[in-house]
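See below for the structure under consideration.
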Amino acid sequence: MAHSIRRDSPELPDFSLLKRLAKDQLIYLLEQLPGRKDLFIDADLMSPLDRIANVSTLKQHEVDKLYKVEYKPIVSTSDQLCFLIRPRLQSVKWICDVVNADKAAGKFRRYKLIFTPQKFYACENVLEEQGIFGDVTTDEWAFHLLPLDDDIISLELPEFFRDYFLEGNQRWVRTAGSALHLLHSLFGPFCKVYGIGRCSKMAYESWREQVEEGEQNTGRDGEIGSVFLIDRDVDYVTPMCSQVVYEGLVDDIFRIKCGCVEFGPEVTSSDKSLKVMLNSQDKVFNQIRNEHFSNVFGFLSQKAKNLQTAYDKRSGMDIKQIKTFVSEELKGLKQEHRLLSLHIGASESMMKKKTKQEFQELLKTEHSLLEGFDIRECITFIEEHINRQCSMIESLRLLCLLSLTENGLLSKDFKSMKAQYLQSYGVDHLPTFANLKQLGVLVEQPTGETLTAMESKVGKLVNDRTAGKLTDAFSSLAKKSHFRALSRRLNLVPKSDEEYDLRVPKDMAYIFSGAYVPLSCKLIEQVLERDGWTGLEEVTRLLNGQEFAASGCSEADGKARNDTRRTILVMFLGGCTFSEISALRFLGKEKGYKFVIVTTAITNSARLIEALLDNHA
Amino acid sequence: MAFITANWNPLGEAFYRKVELYEMSWVLRDGLRDSLVAAAPYGGPIAVMKESRCLSPSVRPQLEIYTASGVTMATFPWKSGPVVLLGWSVSEELLCVQQDGAVLIYDLTGAFQRHFSMGQEVVQSHVSEAKIFHSPYGTGVAIMTGSSRFTLATNIDDLKLRRLPEVPGLQGAPSCWAVLNQDRQTKVLLANGPELYLLDNTSCTSVVLPGVCPQDSVFVHIAVSFSYKYLALFTDTGHLWTGHAHLQDKLSEVDTKIRSPPKQMVWCRRPQSQQPSVVVLWEQLLLVVAVGGDTVQYPLEEACVCVGELDGVRLLSPSRHELLQEVPLVCEDIFKIASMGPGALLLEAHKEYQKSSQKADEYLREIKEQGMLGDAVRQCVEAAGHEQHTHTQKALLRAASFGKCFLTNLSPEAFVSVCRDLRVLNAVRDPSIGIPLTHTQYKQMTVQVLIDRLVYRRLYPLAIEVCRYLKTPEYQGVSRILRHWACSKVQQKGESDEVMVRCISGRLADAPGISYSHIASKAYDSGRTELAIKLLDYEARSGEQVPLLLKMRRSQLALSKAIESGDTDLVYTVVSYVKNEMNRGDFFMTLRNQPVALSLYRQFCKLQEQETLKDLYNQDDDHQELANYYVSASYREKRLEARLSVLQSAVDEYNKAKNEFSSKATEEEMRLLRFQRKLDDEKGAGLLGLSLQATMEALLASGLQKQADHLYRDFRVSDKRYWWLKLRSLAKKEEWEELEKFSKSKKSPVGYLPFVEVCMERSNKNEAKKYVTKVTPEQRVRAHLAIEDVEGAAEAAIERRSEAEIGAVISHCCSSSSSSSSQRLLLDKLQRALTTANRK
């Protein structure tokens with residue numbers, strides 16, 4: 001093990017600055033509309049906003065009442081309305097209706113629209129078409145980045161994934177570029193930038209453009225060394241797997257929203273739900289978040305014992321000692337106690353769900369798929385899964401995983417599975433399948449004949465050597481993702497004959513019970529190790545290329561403190577999972593890096609699939 | 001250097017001097033008499049035109065524009081109507097106010113820029129007098145019509161005409177008037193004989209000057225100071241009243257003893273003036289009247305024009321151009337005869353030093369003894385700034401530099417900056433350039449403006465030199481100048497596009513912050529579209545290219561540039577523009593070649609215009625997407641018939657797309673919908689819209705076995721699915737007999753473990769047991785465990801000799817807390833079996 005050469009990971013930059021900036025700007029914007037006003041907020045902006053400015057801050061700046069945007073007529077009596085929304089046409093249209101309704105009723109109010117993180121021309125166009133462009137004022141709240149934790153920064157744009165990867169809409173690319181620009185201007189200059197994927201490249205270019213347009217500030221010591229940009233479509237396999245690391249599992253089961261989770265009565269063992277912030281401030285959570293689930297219970301019980309000992313110290317203390325104990329330690333212990341019981345509750349509740357036979361079988365199937373063994377059995381399992389109507393989302397996830405690892409389903413299987421799925425969940429899922437196909441996560445293998453026929457046809461026209469190359473080209477056309485080849489080349493699936501000790505993980509595979517090293521994280525590891533893409537040509541070819549590497553600041557390169565260079569910013573375009581974050585944290589600990597994860601949103605298999613649903617519900 | 005004071009005249013406590021700026025190089029046919037003359041402040045250009053009333057109507061006067069040194073900049077015959085007044089705007093544009101109220105604007109080269117009118121009313125009544133004034137808001141124009149009504153425009157770049165109220169009791173024209181700027185308001189002060197009125201936007205107030213005597217003398221001339229702070233009025237009795245512009249404080253009143261009305265009257269003062277004065281001009285006499293009451297007279301040989309400046313008055317005559325100003329205090333201190341000021345001593349010391357005389361030391365000692373050396377240096381430096389002649393400047397700067405040597409802690413900044421300023425000032429004062437700026441004016445107007453002025457005069461090389469010399473940042477300096485150069489370059493005719501582009505791009509190549517789009521738009525404005533397009537290619541920011549391309553109706557090019565930029569807003573701008581510009585077919589064709597724009601538009605349509613989306617797919621013959629569209633659309637239809645017909649369209653499209661699978665699936669959905677409808681009508685089952693599975697489930701739940709079976713056969717539902725469904729539904733209703741019957745109906749395609757499981761879900765162990773024996777050997781252990789029959793499980797596991805299964809049983813044993821002796825026995829047995837299995 002490489003423990004001996006482990007270097008200490010560097011300190012992280014203080015990202016709370018981003019919050020302060022966003023807060024100041026929001027307050028400034030609110031003050032642009034002096035006087036009392038009602039504030040309407042997009043539903044999905046509620047939690048991010050809460051992290052920036054809480055209700056009392058808003059009240060201080062003369063916000064009277066807060067409403068959620070619900071696309072219904074409003075009941076506000078205020079004569080000033082402020083709307084804080086994402087630049088979505090639907091919201092803008094609703095606002096137009098509100099304004100026009102007021103007009104029809106002869107009511108005069110002032111309206112202010114604050115778009116975040118930016119406004120789009122299309123939105124203004126709608127205002128214009130609906131004839132209220134002159135009645136409202138618009139503004140932008142450049143709230144690009146929300147630090148969810150010490151090392152996680154989110155753009156909180158879940159729609160990025162569908163917009164870019166499915167619809168081919170590039171409107172958020174510039175936003176990503178701006179986010180990078182913001183980080184660069186606050187914590188840069190960056191020394192190296194690596195990236196893979198088309199979107200990454202565009203975001204990188206957009207950022208460069210903004211750097212060139214803006215003021216140059218050189219001579220500052222950057223706090224971030226390298227940047228790694230990665231598109232979600234480089235690796236769909238990883239997010240399609242069930243998560244078994246504590247934090248990921250909590251996300252899969254309870255859904256962590258904006259760094260906050262709501263534990264239901266079954267966890268809190270009382271009759272009400274409880275919202276809990278999950279981040280490094282929570283000392284108990286911080287210790288178990290990256291652990292494989294099988295270790296968590298043992299850890300928690302040990303912790304409980306320790307806590308008991310700490311409490312027990314009380315007996316045998318004299319009055320003075322007790323006084324200090326109460327004033328200094330007790331509060332911490334109480335706090336820890338509360339957290340501990342919460343996490344034990346959560347673990348129990350998850351245990352109930354996840355150690356069932358079915359879950360074990362599900363994991364087994366996933367692992368078989370990743371390894372490429374017993375595919376027939378897997379297909380049977382998935383079929384049964386569909387037939388028994390276990391879960392609409394889960395079934396689709398398994399189908400996708402099958403297709404991704406096997407480079408598509410055989411035509412026969414594809415049709416029968418799809419037919420069965422439609423029988424289970426309705427024909428309105430036809431567009432959903434079209435979406436999955438377009439994205440390339442659930443496809444039919446092209447029938448061998450058509451391809452061979454084409455090859456031989458072309459083969460006749462050219463000589464043998466070129467024909468060989470052509471075959472390669474064709475097969476790469478046919479198989480968009482070469483998961484098997486990649487897996488072999490990057491050694492993603494560790495040999496299964498050795499026992500994998502999950503307590504002392506030896507590589508990133510531990511986040512999937514030792515069955516699979518996430519492709520995305522492996523790529524990052526490799527590129528950092530090689531300081532570029534050299535030697536990975538085959539891999540990038542299999543991933544459809546689009547990789548790039550650029551050095552940011554030439555002169556600062558040599559001077560930059562060693563610490564800085566080992567702070568690495570990883571930006572996931574299209575979202576990343578908690579498992580990937582755990583894997584990177586592990587990698588950081590092993591190699592003495594510190595990773596900062598920037599993502600368009602935290603995602604998991606269910607969120608990905610839900611984003612692609614197009615059924616009518 | 002006694003001669004420096006040769007042109008000084010004492011006036012009260014101060015001195016006034018008249019310095020020659022230039023020998024005019026112009027050749028004026030009739031001097032300045034009977035001409036309209038306008039000279040811009042801050043050493044600006046001079047415009048001259050014969051007054052129309054002095055010419056026969058058939059003759060066209062010549063409009064001539066000169067630099068302050070008399071070099072011709074432009075000359076052209078005046079072709080428009082009679083002109084009342086010439087004047088200059090703050091950005092050195094020539095304003096020509098015509099009798100009919102039109103104001104024509106020309107640039108320095110005599111090129112017509114634009115025009116505006118001072119109102120309809122003026123066309124009839126004519127402009128009888130006009131004034132051009134400068135305020136913080138820009139350049140304004142005030143006119144008085146033949147019917148003595150005033151109209152104001154405060155800023156010609158943001159034209160808002162204001163007609164001032166009528167003056168009560170005004171018969172005929174007022175004797176004199178002036179424009180005032182007070183409290184951010186523009187007002188007109190006018191004199192009707194002995195009465196004064198102040199006109200503002202809404203009212204006309206009669207005002208009385210404090211302390212005018214004699215009481216009812218007629219005001220014949222009004223002069224406002226450069227800063228609008230002071231006012232001077234001349235009466236027909238030859239009295240000159242001076243005071244503050246707000247008309248409350250009087251400064252003084254001087255009797256000039258000259259009763260004829262003056263031709264011109266201008267304030268002459270400077271910042272921190274000792275002795276402000278008013279310069280009054282008659283045909284042959286120039287009288288400087290100090291506020292203190294002293295006067296200086298200058299006889300004039302030829303007709304003259306005064307130009308008020310911030311720190312003095314310029315006198316313009318056909319042969320000479322002079323500056324009349326109060327001698328700055330420092331200069332006075334240094335050069336006054338027998339002055340013992342520290343600066344004067346230092347200058348003297350340096351002079352002696354150059355002569356290698358030991359007197360230098362004596363002078364220095366004297367200054368140092370008074371501890372005034374620092375002051376001496378400062379005085380010399382400051383005085384150098386105020387001097388016009390280079391040799392005087394040099395002498396003073398050398399002296400300062402000399403004095404500096406004996407000081408240790410003097411900041412060199414002032415010295416350096418004055419040296420720099422003088423270098424620039426001397427360069428622009430050169431007669432070939434002709435901008436006679438004083439140091440005070442230069443500081444007031446800033447380098448930026450000076451560079452602008454050089455650019456207006458197209459003195460690009462000099463402007464660039466100045467910027468480089470002053471190390472002005474490129475964005476504000478060189479780049480800006482090059483942009484102006486390029487803009488004027490593209491407006492020139494005669495050169496081919498290629499030559500022009502090469503010339504411009506070559507010159508601009510390495511200058512940062514150049515906006516090619518700006519230059520291109522200038523080219524487009526002067527009708528050179530092709531040149532504009534070529535220039536746009538050099539524009540790095542696509543965001544700048546697109547709007548101009550759209551303006552030039554190159555929408556295709558604009559679209560591809562927008563896409564290149566990666567800015568979707570830009571793409572959308574072009575798309576929405578193109579949408580309105582083209583007919584639908586062409587529009588769709590355009591989009592078809594641009595997938596990025598297409599996807600953007602599609603997404604927009606999905607939210608805004610569903611119908612357009614359909615057309616879009618239709619146009620592209622994208623049957624697959626069209627079919628998907630119909631499928632989603634079908635769910636928006638409330639009525640079944642409508643839904644079916646939409647689904648039928650989907651089927652047709654799927655067929656066209658050769659997607660048999662989907663077309664079949666859709667057809668089945670239609671069949672299912674009809675079936676559901678039928679049952680809903682018959683039994684009120686509420687099935688419409690459910691999936692096949694859900695339908696069957698609902699049917700079984702409400703005991704409609706036959707109908708469920710019908711669906712099972714009709715839709716070729718797989719046996720497995722149906723069995724799962726049925727056994728679950730039976731268990732749910734706890735119809736255990738039915739379940740048993742069902743299990744025996746034929747061999748179960750899903751095996752018998754599910755039977756055990758559904759029974760256990762209802763906690764019916766007895767029923768579950770019935771099926772355990774039927775379970776296949778592979779699943780038997782699980783079955784036993786499911787009914788918590790550990791012994792059975794152990795038996796089965798040992799029989800199967802499967803390591804994993806034995807392990808599973810062991811872990812099950814361990815997790816259950818009860819530890820009876822039988823269990824321990826069982827555990828031992830299992831362990832042993834495990835070791836045997838292992839050994840194998």
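Naming: A, B, ... by sequence-line order, numbering from 1 per chain.
Within the 4.5 Å cutoff, no side-chain heavy atoms of B/D569 are placed close to those of A/E124. Taking the side chain as every heavy atom from C-beta outward, A/Q423 and B/V717 approach each other to under 4.5 Å. Residues A/Y121 and B/S576 have side chains in contact (heavy-atom distance under 4.5 Å, counting atoms from C-beta outward). Put simply, the side chain of A/I386 reaches to within 4.5 Å of the side chain of B/R721, judged on heavy atoms. In this structure the side chain of A/E384 reaches within 4.5 angstrom of the side chain of B/W724, judged on heavy atoms.
Distance alone, capped at 3.5 Å, places no donor-acceptor pair between the A/S424 side chain and the B/Q693 backbone. Without hydrogens or angle criteria, B/R602 side chain to A/E167 main chain gives no donor-acceptor distance under 3.5 Å.
Both the backbone and the side chain of A/N169 come within contact range of chain B, each with at least one heavy atom under 4.5 Å from a heavy atom of that chain. With a 4.5 angstrom heavy-atom cutoff, A/K418 touches chain B via backbone and side-chain atoms both. For A/T175, no part lies near chain B; criterion is any non-hydrogen pair under 4.5 Å. Neither the backbone nor the side chain of B/Y630 has a heavy atom closer than 4.5 Å to any heavy atom of chain A.
Taking every heavy atom of both residues into account, B/E625 and A/Q438 meet most closely at OE2-OE1, 4.0 Å. Between A/A434 and B/N628 the shortest heavy-atom distance is CB-ND2, 3.2 Å. Minimum heavy-atom separation, A/L422 to B/S691: O-CB, 4.5 Å. The nearest pair of heavy atoms linking A/L430 to B/V631 is CD1-CG2, 4.4 Å.
Taking B/S718 as the reference, nothing meets the side chain to side chain donor-acceptor pair (under 3.5 Å) condition, with sequence neighbours excluded.
More than 12 heavy-atom neighbours from other residues, nucleotides or ligands sit within 6.0 angstrom of CZ on A/R86.
Interface summary for chain B: among A/Q389, A/Q90, A/M202, A/Q420, the most heavy-atom pairs under 4.5 angstrom belong to A/Q389. Between chain A and the residues B/Y629, B/Y572, B/Y722, the largest count of heavy-atom pairs under 4.5 Å involves B/Y572. The greatest number of non-hydrogen atom pairs below 4.5 Å with chain B, out of A/Q170, A/E383, A/E129, is found for A/Q170.
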